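From a predicted model like this one, the values you see are computed outputs, not experimental measurements.
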Amino acid sequence: AYRALELAGLAHGEVGRGTFIASGDRKLAFPQAATRTTQHVTDLAVNSFLIEDASSLVGTALAAVQSDLAAGDLPLAYLATGEDEEIRGIAARFLGRQGRELDADEIVVTAGAQAAIASTFLALTENGGGIACDALTYPGVISAASVARARLHPVRMDEEGMDPEAFEALCRRAKIACVFLMPSTQNPTGRRMSARRCAQLAEVAARHGVVVVEDRIYDFLADESTHTGISGFLPESTVLVTGLSKCVAPILRVGFVAAPKPLARQILAVENALSLMVSPLLTRVAVHILSDSGFEARLARIRRGIAERAT
């Protein structure tokens, strides 16, 4: 435990002086080296769903991409803005399964969900304003806000997540650019919001002109018929973020942002400045996986496995 604190920059010792506690570097990458899984050790520092092996699904997609490359069907050059329409169309259908119908022009492709969150924070806080988040949130939100040089405002929670009255009070006393929420499955508490709670938070956000950033990375854990979200109540001011690291595997660093077109253009400008484009090799792998019937079967098996473990 002490070694983990050292690696995180939160503690250090000096011979003859003692042990010192530091504030640490909020931008430090995670997971730390000390938390990586070794034999017979379960890593609880990060979430992944490798209880259902993804190697066959990923391997099949890689073989298909290799064939595309051999046939000259995969570009080797830089892609111009808009030339990634294939993956954006697939992503629109993927995100649209649990909400409103989305257009490919509302999608921005990123190098994973973490990049989606960071680019969104950078775009939304460009003109100032803080970021509201749950009092308990995961480290990626903290590091993304730090990179954007935006102040994080933790908001009191109850058994359903963020408290609407506490959110209202915050918006009255501080300039808030956006609020980060995980309605379907909150990390780290696992709490799920009811439709009523989503509506209450959407009402507060709309009243104060706050953009909602809704993280959907864990949506696949819930049955689509039971899904709730903010976007259904406030589609014109909600940005959806997700990725394939949880539902497929962390090796597949492809993420998506879905936002109304004016917001999508802002986020695309940031993402373009940071990375120019996401590798077409990875996005083509994602296309094959999201189009494979084995993908949906995998998600069903994960849900069954989790349900069995919970009983």
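Heavy atoms from other residues, nucleotides or ligands lying under 6.0 Å from CZ of Arg196 number 12 at most. Atom CD1 of Ile251 has 12 or fewer heavy atoms from other residues, nucleotides or ligands within 6.0 Å. The number of heavy-atom neighbours closer than 6.0 Å to CZ of Arg172, taken from other residues, nucleotides and ligands shown, is 12 or below. Atom CD of Glu236 is surrounded by more than 12 heavy atoms from other residues, nucleotides or ligands within 6.0 Å. Residue Glu83 qualifies as enclosed at atom CD: its count of foreign heavy atoms under 6.0 Å is above 12.
The pair Arg216-Glu214 meets the salt-bridge criterion, since a charged nitrogen lies less than 4.0 angstrom from a carboxylate oxygen.
There is a path of hydrophobic side-chain contacts, each under 4.5 Å, that joins Phe121 to Leu268.
In plain terms, the two heavy atoms of Ala77 and Met277 that are nearest each other are O-CE, 3.9 Å. The heavy-atom pair separating Asp163 from Val155 by the smallest distance is O-CG1, 4.1 Å.
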*asked:* Between His153 and Cys133, does the side chain to side chain contact (heavy atoms under 4.5 Å, CB included) criterion hold? Intermediate values first, please.
replied: CA-CA 6 Å; His153 296 267; Cys133 67; over 6 Å; no
*Start with the C-alpha distance between Thr238 and Val211, add both sets of side-chain angles, then the distance that settles side chain to side chain contact (heavy atoms under 4.5 Å, CB included), and finish with yes or no.*
CA-CA 6 Å; Thr238 300; Val211 176; over 6 Å; no
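Arg298 places a side-chain N or O within 3.5 Å of a backbone atom of Cys247 that can act as its donor or acceptor partner. With Asp158 contributing its side chain and Glu160 its backbone, the two residues share a donor-acceptor pair below 3.5 Å.
Between Phe180 and Tyr138, the ring planes lie tilted relative to each other; the angle falls in the 30° to 60° range.
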